[in-house]
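Throughout, protein chains are lettered first and strands after them, A, B, ... in sequence-line order, and every chain is numbered starting at 1. Note: hydrogens, waters and symmetry copies are ignored here, and every other heavy atom, side chains too, is used.
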Number of protein chains: 2
Amino acid sequence: MKADLFGKVLQEMRKERHLSQEKLAELCELDRTYISLLERGLRQPTLATLFKLAAALEINPSELVVRVEQKSD
Amino acid sequence: MKADLFGKVLQEMRKERHLSQEKLAELCELDRTYISLLERGLRQPTLATLFKLAAALEINPSELVVRVEQKSD
DNA sequence: GTGTGACTTAAAGTCCGTC
DNA sequence: CGACGGACTTTAAGTCACA
């Protein structure tokens with residue numbers, strides 16, 4: 001599992017929903033720049049952060065993980 | 001999402017496979033005491049750790065998360 | 001609207017051990 | 001075999017000024 005896979009998935013999901021990093025950050029109550037760090041693969045989320053992000057994206061946390069798995073192939 | 005849900009799922013999955021904490025730790029190259037901390041809900045895994053654990057349990061990472069989601073209900 | 005570096009604090013994760 | 005503790009190192013969490 002490459003370190004930046006999650007970030008790419010996150011960015012894709014965010015853009016599919018036409019959200020800015022700023023707006024997403026607001027929705028999940030995280031810092032804008034932290035979203036940026038995640039998308040660039042400079043941070044790996046904890047499970048708790050994954051759940052927050054999934055909630056903001058209105059998706060099941062497991063669905064987010066599925067997308068990461070698919071990218072692993 | 002309660003803090004100890006993941007730990008319970010992890011312990012269930014481990015026991016289903018008749019693995020000791022020590023053996024699981026060896027399989028995923030994590031510390032023996034850390035598995036214990038996870039199962040007791042005193043630590044939350046990062047995404048990378050989730051993938052390691054899932055690999056050792058021979059399950060998809062997303063399946064692990066699904067189990068956590070189910071417990072949330 | 002985002003990238004980036006620097007930073008502090010909290011938590012992840014290790015290693016030693018005892019019971 | 002697992003709970004638990006202490007001391008430790010590494011990394012995530014969370015924020016900031018600035019480009």
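In this structure, of dG2(D), dC4(D), dA12(D), it is dG2(D) that holds the atom nearest to the side chain of R14(B).
At least one side-chain heavy atom of L30(A) sits less than 4.5 Å from a side-chain heavy atom of T49(A). Taking the side chain as every heavy atom from C-beta outward, I35(B) and C28(B) approach each other to under 4.5 Å. Put simply, the side chain of E39(B) does not reach to within 4.5 Å of the side chain of K8(B), judged on heavy atoms. L10(A) places a side-chain heavy atom less than 4.5 Å from the side chain of L24(A). Side chains of F6(A) and L53(A) form a contact here, defined as non-hydrogen atoms less than 4.5 Å apart. Contact check for L47(A) versus L50(A): side-chain heavy atoms found under the 4.5 Å cut-off. Side-chain atoms of R32(B) and Q21(B), non-hydrogen and from C-beta on, never get closer than 4.5 Å to each other.
Within 6.0 Å of CD on E16(A) lie more than 12 heavy atoms contributed by other residues, nucleotides or ligands.
Between the side chain of R67(A) and the main chain of E63(A), no donor-acceptor pair closer than 3.5 Å is present.
Remark: P of dC1(D) and CD of Q11(B) are 15 Å apart, rounded to the nearest angstrom. Here the C1' atom of nucleotide dC4(D) and the CG atom of L42(B) are 10 Å apart, to the nearest Å.
The residue T46(B) sits close only to the backbone: its heavy atoms come under 4.0 Å of sugar-phosphate atoms, none of a base. Counting non-hydrogen atoms under 4.0 angstrom, Q44(A) reaches the backbone sugars and phosphates but no base. Across all strands shown, E39(A) has no heavy atoms under 4.0 Å from either base or sugar-phosphate atoms.
Put simply, chain B comes within 4.0 Å of DNA chain C, heavy atom to any atom, from dA12(C) to dG17(C), going 5' to 3'.
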Checklist entry - What is the per-nucleotide protein-contact pattern of nucleotides 14-19 of chain D, from the 5' end, where B denotes a base atom under 4.0 Å from a protein heavy atom, S denotes such proximity for sugar-phosphate atoms only, and - denotes neither? => result BBBBB-
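The closest side-chain donor-acceptor pair between S36(B) and T33(B), if any, does not fall under 3.5 angstrom.
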Next on the checklist: Please determine whether salt bridge (charged side-chain N to carboxylate O under 4.0 Å, His left out) holds for the pair K71(A) and E12(A), giving the CA-CA distance in whole Å, both sets of side-chain angles, and the decisive distance to 0.1 Å.
Outcome noted: CA-CA 12 Å; K71(A) 283 224 180 292; E12(A) 282 172 11; 2.8 Å; yes
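Across the helix from dT2(C)-dA19(D) to dC19(C)-dG2(D), the helix axis at one end is tilted relative to the axis at the other end by 40° (nearest 10 degrees, each axis from five pairs).
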